Amino acid sequence: MYYFIVNPASGSNRGRSVWKSVKKKLDQAGAAYRSFRLSGQGEARALAASLAASGQPAVIVVVGGDGTINEVINGLYSGGLDLGHITFGCIPTGSGNDFVRGLGLSRTPGDALSSILHPREIRRINIGKTVCSSRNSYSFAVSSGTGFDAAVCNSVLHSKLKTMLNLFHSGKLIYMTTALWQIFTMKRRAFTVTIDGNETSMYEKAYFAAAMNLPYEGGGFCFCPDARPDDGYLDLIIVNRISRLRALTILPLAFVGKHIGKPGIHILRCEKARITVSDPLCVHTDGEIPGFYQETEFSLHENKLAVILR
């Protein structure tokens with residue numbers, strides 16, 4: 001059975017029109033499906049948790065953006081199940097679409113639906129886990145970070161400009177403009193970073209640290225070009241001791257992964273990383289903001305998720 005979790009408001013209401021087209025094709029194909037139209041935060045998580053707990057084979061398809069995907073992922077992994085009966089698919093309608101970009105999925109609704117109904121490749125991918133201050137746990141499919149990248153996500157989530165730019169299919173611009181603003185205004189912090197429980201290093205003037213399960217975050221920044229979602233590792237990027245002026249020149253390079261190897265750019269591959277700061281910093285999971293914390297631990301869930309690629 002196909003279960004479509006639809007966010008009609010995603011992409012400045014693009015989700016509504018995309019679902020109308022998708023529904024028409026589903027009905028024409030005579031597919032057996034159920035659809036759920038979201039109207040508020042938390043609904044997608046509850047739906048996904050319920051479908052996972054049923055134990056029945058299900059193809060769960062998100063018609064939405066990275067935020068809706070993140071909520072569904074958190075629902076699926078909230079019960080500690082093995083999820084062998086769940087297959088995941090996506091028809092993108094958001095502005096960032098880093099999940100789709102990182103896995104090379106189709107951005108065309110018709111092609112995406114065709115792959116879901118007639119899959120040619122399904123891959124089991126890692127899903128990340130973020131534990132904040134040893135209490136609250138969150139899941140992520142794309143990335144999770146603390147510092148600069150989280151501050152950008154937090155500002156974008158509360159920006160009215162994002163809605164306007166989405167109307168012109170230019171949502172990526174809000175991430176770039178917000179990133180430039182954060183470079184000039186944010187305070188760099190001392191990060192204590194512990195890798196795989198034993199190797200600890202101090203980064204005295206860090207902008208941010210992000211654990212990447214996929215290469216892209218923030219609407220297309222290719223922070224970790226070599227990140228692979230099925231290798232059992234996270235790629236951790238730490239940006240340290242870079243002046244604000246140099247940051248301005250390096251940031252555009254990150255769209256094409258040309259920042260790698262530049263002084264101050266550190267990439268570490270690990271199974272687990274713990275970041276400790278003196279004062280609470282903004283944390284994000286797939287662009288969603290769980291809060292501000294002094295200690296954040298990134299790792300991977302033991303169970304992988306089957307995702308339809310094409």
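Heavy atoms only: backbone and side chains are in, while hydrogens, waters and symmetry mates are out. Predicted model only: the values in this text are computed from it and were never measured. Sequence positions, counted from 1, serve as the residue numbers for this chain.
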Margin query: Measuring only between side-chain heavy atoms, which start at C-beta, is N7 closer than 4.5 Å to T93?
Written below: no
Notebook entry, point to check: Is any side-chain heavy atom of T276 closer than 4.5 Å to a side-chain heavy atom of T194?
Noted result: no
Checklist line | Distance-only donor-acceptor check, side chains T285 and S144, under 3.5 Å | finding: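 Distance-only check fails for T285 and S144.
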Item checked: Pair D149-H284, side-chain donor/acceptor within less than 3.5 Å -> yes
Can any side-chain N or O of [X] pair as donor or acceptor with the backbone N or O of [Y] at less than 3.5 Å?
{"X": "Y293", "Y": "V131", "value": "no"}
{"X": "S21", "Y": "S17", "value": "no"}
{"X": "D98", "Y": "G219", "value": "yes"}
{"X": "N74", "Y": "S139", "value": "yes"}
{"X": "D286", "Y": "S143", "value": "yes"}
{"X": "D196", "Y": "K272", "value": "yes"}
{"X": "S133", "Y": "R135", "value": "no"}
{"X": "D235", "Y": "P215", "value": "no"}

Next item on the list: Could you tell me the separation between the CZ atom of R188 and the CD1 atom of I242, rounded to the nearest 0.5 Å?
Entry: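 CD1 of I242 is found 9.5 Å from CZ of R188.
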Check: Looking at the rings of F255 and F221, which for Trp means the six-membered one, are their centres under 6.0 Å apart?
Finding: yes
Next item on the list: Sorted by first residue and then second, give each ring-ring contact (aromatic ring centres under 6.0 Å, His included) pair with at least one member in residues 83-130; sequence neighbours left out.
Entry: F88-F99
Notebook entry, point to check: If Ile, Leu, Val, Met, Phe, Trp and Tyr residues are connected whenever their side-chain heavy atoms lie under 4.5 Å apart, and connections chain through other members, are V142 and Y138 in the same group?
Noted result: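 No, V142 does not connect to Y138 through the hydrophobic network.
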